[in-house]
Amino acid sequence: MRIDVLGAVRALRDDGGPVDLGGPRHREVLARLVAAEARMVTTDTLVDDLWTDPPARAVGALRTFVAALRRALEPDRPPRDPPSVIVTEGPGYALRLPREDVDVHRFEDTLARARRDPGAVTDLGRALAAWRGPAYADVTGSAWARRERTRLEELRLEGAELRARILLDSGEGADLVAGLGTHVAEHPWREPAWELLARALYRADRRADALAVLRRARAMLVHRLGLDPGTGLQRLEKDILNGAASPGAPVAWTGHGVRLGPRTTVNLARTLALAGGDALVHSRRDRLAAIRAAERTGDLSLTARTIGAYDVPAIWSRADDPEQSRAVIAAAERTLTGLGPDGPADLRARLLATVAVESRGADLSGAELKHARRAAPPAER
């Protein structure tokens, strides 16, 4: 049995044949359990995730969906034998499949391995090629699926850039030009993408094109955002002009492919937010990507500074993106817990203020609003 969610949700038998999962709700229940990564999801959570306004018999409908999925996924299971794929656990359900049998878990594990060991680059390439479209592509209108799509898309972009970087660092990569050109066109705010494209062009003996790419990046950053290129782009340009054999050797990048030095991704996101328009949409994505990358380093101080660096004036009556606000709040609360009550006052103040500001507006629940009110006074103090 194999389950894929990097694209439309589907299940495949061991012989490769498709499993009839039923209707959209059935597939969403299965997808939601995949997203929980083998953790139990309570019935109440599943109901809230499936319906904005749950019907009176929502729990009964959910049980019907689960029963149908169990029959589809384990058609040969004797009636009296307990299910082994979707199991009942406490007040909810959990999916019990080896991680290698679920494409999203396979991808995440491969990416984590490639961060530690460049020798896993071939596996990473295969894992990236296995994407069939946006994650949970046919689960539309669900807040949980939007959050997962955003998170996984950031990991996909990170994986593509990490693969290119490993190949270029190893002396390969001239054949990456076309793919990286598309990547830059689709994600022009990602400085690593520009740097990788220029390196690939140089590797392909296209020095003039490499310099032209770096100058386009500079023009975009300076004229559209008012920023100078980062040290990585500047150093790469100097190396190419000097004819270095291996230009742009990695210096200021974390193992997660996001620059987390003085020129953090979140500072770029802040500038984009102030620019407004489409740039504001990019800023939300880049801000959350930077926070998640900082969390993965395990450095609480870095994470706190990354969360607090997005000091965009908050004059709106409610959050622009409630789902992202919840994600930022959750990250701030995790970091506050990690720092403890005796953590640095400046970092705690920023984190508490973030919780309060991101909780503004009527889109959040009463409990969240109460939490915001509890965060604001200590932030002021």
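Computed over heavy atoms, backbone and side chain alike; hydrogens, waters and symmetry mates excluded.
Taking every heavy atom of both residues into account, Ala375 and Ala356 meet most closely at CB-N, 4.3 Å. The two residues Ala114 and Ile166 come nearest to each other via the heavy atoms O-CD1, 4.0 Å. Residues Pro192 and Glu161 come closest through the heavy atom pair CB-OE1, 3.8 Å. Summarising the geometry of Glu358 relative to Ser325, their closest heavy-atom pair is OE1-OG, 2.8 Å, with the distance given to 0.1 Å. Counting all heavy atoms, side chain and backbone alike, Arg149 lies closest to Ala135 at CG-O, 2.7 Å. The nearest pair of heavy atoms linking Val177 to Ala204 is CG2-CB, 4.4 Å.
Applying the salt bridge (Lys or Arg N to Asp or Glu O under 4.0 Å) test to pairs two or more places apart or on separate chains, those with a residue in residues 98-112 are Glu37-Arg99, Arg99-Asp109, Glu108-Arg151. Every pair passing side chain to side chain donor-acceptor pair (under 3.5 Å) that includes a residue from residues 78-90 is listed here, sequence neighbours excluded: Arg70-Thr88, Glu74-Ser84, Glu89-Arg96. Residues in residues 2-29 take part in these ring-ring contact (aromatic ring centres under 6.0 Å, His included) pairs, two or more places apart or across chains: His26-Phe65. A ring-ring contact (aromatic ring centres under 6.0 Å, His included) check over residues 76-122, counting only residues at least two apart or in different chains, returns the pairs Phe107-Trp131.
In this structure, the separation between CG on Leu128 and CG on Leu111 is 8.0 Å, given to the nearest 0.5 Å. We find the CZ-CG distance between Arg199 and Leu168 to be 4.5 Å, quoted to the nearest 0.5 Å. Taken from CE in Met40 to CG in Leu46, the straight-line distance is 9.5 Å, to the nearest 0.5 Å. For the atom pair CZ (Arg32) and CG (Leu62), the distance works out to 11.5 Å, reported to the nearest 0.5 Å. Distance OG1/Thr231 to CD/Glu191: 8.5 Å, rounded to 0.5 Å. Atom CG of Asp228 sits about 6.5 Å away from atom CD of Gln234, to the nearest 0.5 Å.
Under a 3.5 Å cut-off, the side chain of Thr335 and the backbone N or O of Thr303 do not form any donor-acceptor pair. With Asp117 contributing its side chain and Arg113 its backbone, the two residues share no donor-acceptor pair below 3.5 Å. Listed for the Glu148 side chain is no donor-acceptor partner under 3.5 Å among the backbone atoms of Ala35. Using a distance-only test at 3.5 Å, with no hydrogens or angles considered, no donor-acceptor pair links the side chain of Arg206 to the main chain of Leu201. Formation of a donor-acceptor pair under 3.5 Å by the Glu237 side chain with backbone atoms of Leu211 is not found in this model. Using a distance-only test at 3.5 Å, with no hydrogens or angles considered, a donor-acceptor pair links the side chain of Arg27 to the main chain of Gly22. Remark: side-chain polar atoms of Arg13 are not paired, donor with acceptor, to backbone N or O of Val19 under 3.5 angstrom.
When each of Arg115, Arg292, Arg190, Arg165 is tested with Glu158 by the rule salt bridge (Lys or Arg N to Asp or Glu O under 4.0 Å), just one qualifies, namely Arg115.
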Decide yes or no on side-chain contact (heavy atoms from CB on, under 4.5 Å) for Ser142 and Asp49, but give the supporting numbers first. CA-CA 7 Å; Ser142 295; Asp49 284 343; over 6 Å; no
Are Met1 and Leu12 close enough, and set up right, to give a side-chain contact (heavy atoms from CB on, under 4.5 Å), and what steps lead you there? CA-CA 6 Å; Met1 172 66 60; Leu12 301 174; over 6 Å; no
Steps toward side-chain contact (heavy atoms from CB on, under 4.5 Å) verdict (Leu152, Val5): CA-CA 11 Å; Leu152 291 169; Val5 298; 5.6 Å; no
Go through the steps for Leu95 and Ile3 under the test side-chain contact (heavy atoms from CB on, under 4.5 Å), then give the verdict. CA-CA 11 Å; Leu95 183 70; Ile3 294 176; 4.2 Å; yes
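For the pair Arg132 and Arg10, the minimum side-chain heavy-atom distance is below 4.5 Å. His183 is not listed as a side-chain neighbour of Leu197, based on a closest heavy-atom distance of 4.5 Å or more. Contact annotation: the side chain of Val213 never approaches that of Asp209 to less than 4.5 Å [non-hydrogen atoms, C-beta and beyond]. Within the 4.5 Å cutoff, the side chain of Glu154 has no heavy atoms near those of the Thr150 side chain. Two residues are said to be in side-chain contact when any heavy atoms from C-beta on lie closer than 4.5 Å; Val104 and Asp4 fail this criterion. Inter-residue side-chain proximity for Val139 and Trp144 is flagged as met; some heavy-atom pair is nearer than 4.5 Å. With a 4.5 Å cut-off on side-chain heavy atoms, Ser359 and Ile329 count as touching. Looking at heavy atoms from C-beta onward, Ile240 lies in side-chain contact with Leu214 at the 4.5 angstrom threshold.
Salt-bridge formation is detected for the pair Glu295/Arg334: a Lys NZ or Arg NE/NH1/NH2 atom is positioned less than 4.0 Å from an Asp or Glu carboxylate oxygen. Ion pair Asp299/Arg305 not flagged as a salt bridge, since none of the NZ, NE, NH1 or NH2 atoms sits closer than 4.0 Å to an Asp/Glu carboxylate oxygen.
Cluster annotation: Val87 is not connected to Leu30 through the hydrophobic network of ILVMFWY side chains, with a link wherever side-chain heavy atoms come within less than 4.5 Å. Val222 and Trp189 fall into different hydrophobic clusters, where Ile, Leu, Val, Met, Phe, Trp and Tyr side chains are chained together by heavy-atom contacts under 4.5 Å.
Side-chain atoms of Thr45 and Thr42 include a donor-acceptor pair closer than 3.5 Å.
Under the rule for a side chain to side chain donor-acceptor pair (under 3.5 Å), Arg215 has no partner lying at least two apart in sequence or in another chain. The side chain to side chain contact (heavy atoms under 4.5 Å, CB included) search around Ala379 returns Leu352, Ala353, not counting sequence neighbours.
Atom CZ of Arg146 sits in a crowded spot, with more than 12 heavy atoms from other residues, nucleotides or ligands closer than 6.0 Å. Counting heavy atoms of neighbouring residues, nucleotides and ligands inside a 6.0 Å radius, atom CG of Asp15 exceeds 12 of them.
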